[in-house]
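Order of the sequence lines sets the chain letters (A, B, ...), proteins ahead of strands, with each chain counted from 1. FYI, side chains are in, hydrogens and waters are out, and symmetry mates aren't considered; it's all heavy atoms of this structure.
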2 protein chains.
Amino acid sequence: MKKKTHEVIPFMNHHSYNIFFMNLANPLKIGIILCLRDGNKNVSEIMNALKVEQSKISHALTSLKHCKIVNVEQNGKERIYSLNKDTIIPMLNLIDKHASCHCKNKCCLKSWK
Amino acid sequence: MKKKTHEVIPFMNHHSYNIFFMNLANPLKIGIILCLRDGNKNVSEIMNALKVEQSKISHALTSLKHCKIVNVEQNGKERIYSLNKDTIIPMLNLIDKHASCHCKNKCCLKSWK
DNA sequence: TTTTCATATGAAACTAAATTCATATAGATT
DNA sequence: AATCTATATGAATTTAGTTTCATATGAAAA
């Protein structure tokens, strides 16, 4: 069965899920989220906490912001980022629970390649 | 501030979240999940439902299976896949809620590039 | 009013995940 | 046992997200 190279995928209506998860499928963004879970921070504080370069943080924050996973508030020249905990925290909890249910001995959530 | 090309990212302990979300940040996998939400299916049934080539489905199912997002049961030469609803369904619900809270007029969960 | 500090932005380069496609396996059917 | 049917697998390729890095913006301080 041959397929066209640019196949049209028929779940455009489910695009939201994809965009949302895309924002979480990245170790840096997860790092930022967990970092902000402990309290609001400006970009420099996130940089110091994660030891990651500034533009990387900014790029990651931009997409997290677009998805309303984080909020910003400007204060002079610094911008305070805060986590929108309503969605993310329960989501992380679900994964913790999932892992504890299904990965009794060792973690099943590992790279398998 | 210069950084090494292969920077060590300091959240290896949070790798599970990343692996888990990676499995969801893909329209095909989301399609499969939503398809299985409506009932257990074998690979051919998923193919027909989504109009997607067989090996693509199989590859996607392999990684979903490794994360225990789906389960398999063999029945003769066919394999029946089922959704592990305990984690995924509440997670999708959280996103629906998130979208309805934050995307009143149009969906905020869109590509912004 | 120039400099400095905090952060954002653009685009090329890099990288890793997804796709493709040929092929393998293995149960069922003849 | 040969064939068919259902699904899995491997590896090269493609693609899209991330990183990098140079630069822009803009607020505060000197």
Rounded to the nearest Å, what distance is computed from the [atom1] atom of residue [X] to the [atom2] atom of nucleotide [N]?
X     : N      : atom1 : atom2 : result
A/M22 : D/dA16 : CE    : C1'   : 8 Å
B/L64 : C/dA18 : CG    : P     : 10 Å
B/K51 : C/dT19 : NZ    : C1'   : 20 Å
A/E53 : D/dC21 : CD    : C1'   : 7 Å
B/F21 : D/dT18 : CZ    : C1'   : 18 Å
B/I46 : D/dA6  : CD1   : P     : 14 Å
B/L24 : C/dA18 : CG    : C1'   : 15 Å

Can you find a side chain N or O atom of A/N26 that sits less than 4.0 Å from OP1 or OP2 on D/dT18? yes

Every protein N/O within reach of nucleotides 7-11 of chain D N/O, cut-off under 3.5 Å:
unit_1: D/dT7; atom_1: OP1; unit_2: B/V43; atom_2: N; d: 3.3
unit_1: D/dT7; atom_1: OP1; unit_2: B/R79; atom_2: N; d: 3.4
unit_1: D/dT7; atom_1: OP2; unit_2: B/S44; atom_2: N; d: 2.8
unit_1: D/dT7; atom_1: OP2; unit_2: B/S44; atom_2: OG; d: 2.2
unit_1: D/dA8; atom_1: OP1; unit_2: B/Y81; atom_2: OH; d: 2.5
unit_1: D/dA8; atom_1: OP2; unit_2: B/S58; atom_2: OG; d: 2.8
unit_1: D/dA8; atom_1: N7; unit_2: B/Q54; atom_2: NE2; d: 2.7
unit_1: D/dA8; atom_1: N6; unit_2: B/Q54; atom_2: OE1; d: 3.2
unit_1: D/dG10; atom_1: O6; unit_2: B/H59; atom_2: NE2; d: 2.5

Nearest-nucleotide 5' precedence on DNA chain D, A/N75 against A/A25: A/A25

Answer whether the closest heavy-atom distance between the side chains of [X] and [Y] falls below 4.5 Å.
X     : Y     : value
A/F20 : A/M91 : yes
A/V72 : A/L61 : no
A/L83 : A/I89 : yes

Output a table of donor-acceptor pairs, distance under 3.5 Å, between side-chain atoms of residues 32-43 of chain B and any protein atom two or more places apart or on a different chain; print 'none' if there are none.
unit_1: B/K41; atom_1: NZ; unit_2: B/C35; atom_2: O; d: 2.9
unit_1: B/K41; atom_1: NZ; unit_2: B/G39; atom_2: O; d: 3.2
unit_1: B/N42; atom_1: OD1; unit_2: B/S44; atom_2: N; d: 3.1
unit_1: B/N42; atom_1: OD1; unit_2: B/E45; atom_2: N; d: 2.8
unit_1: B/N42; atom_1: ND2; unit_2: B/E78; atom_2: OE1; d: 2.7

Given 3.5 Å as the limit, does a donor-acceptor pair link the side chain of B/N84 with the main chain of B/V70, or not? no

Under 4.5 Å between side-chain heavy atoms, hopping through other hydrophobics if needed: is there a path connecting A/M47 to A/Y81? yes

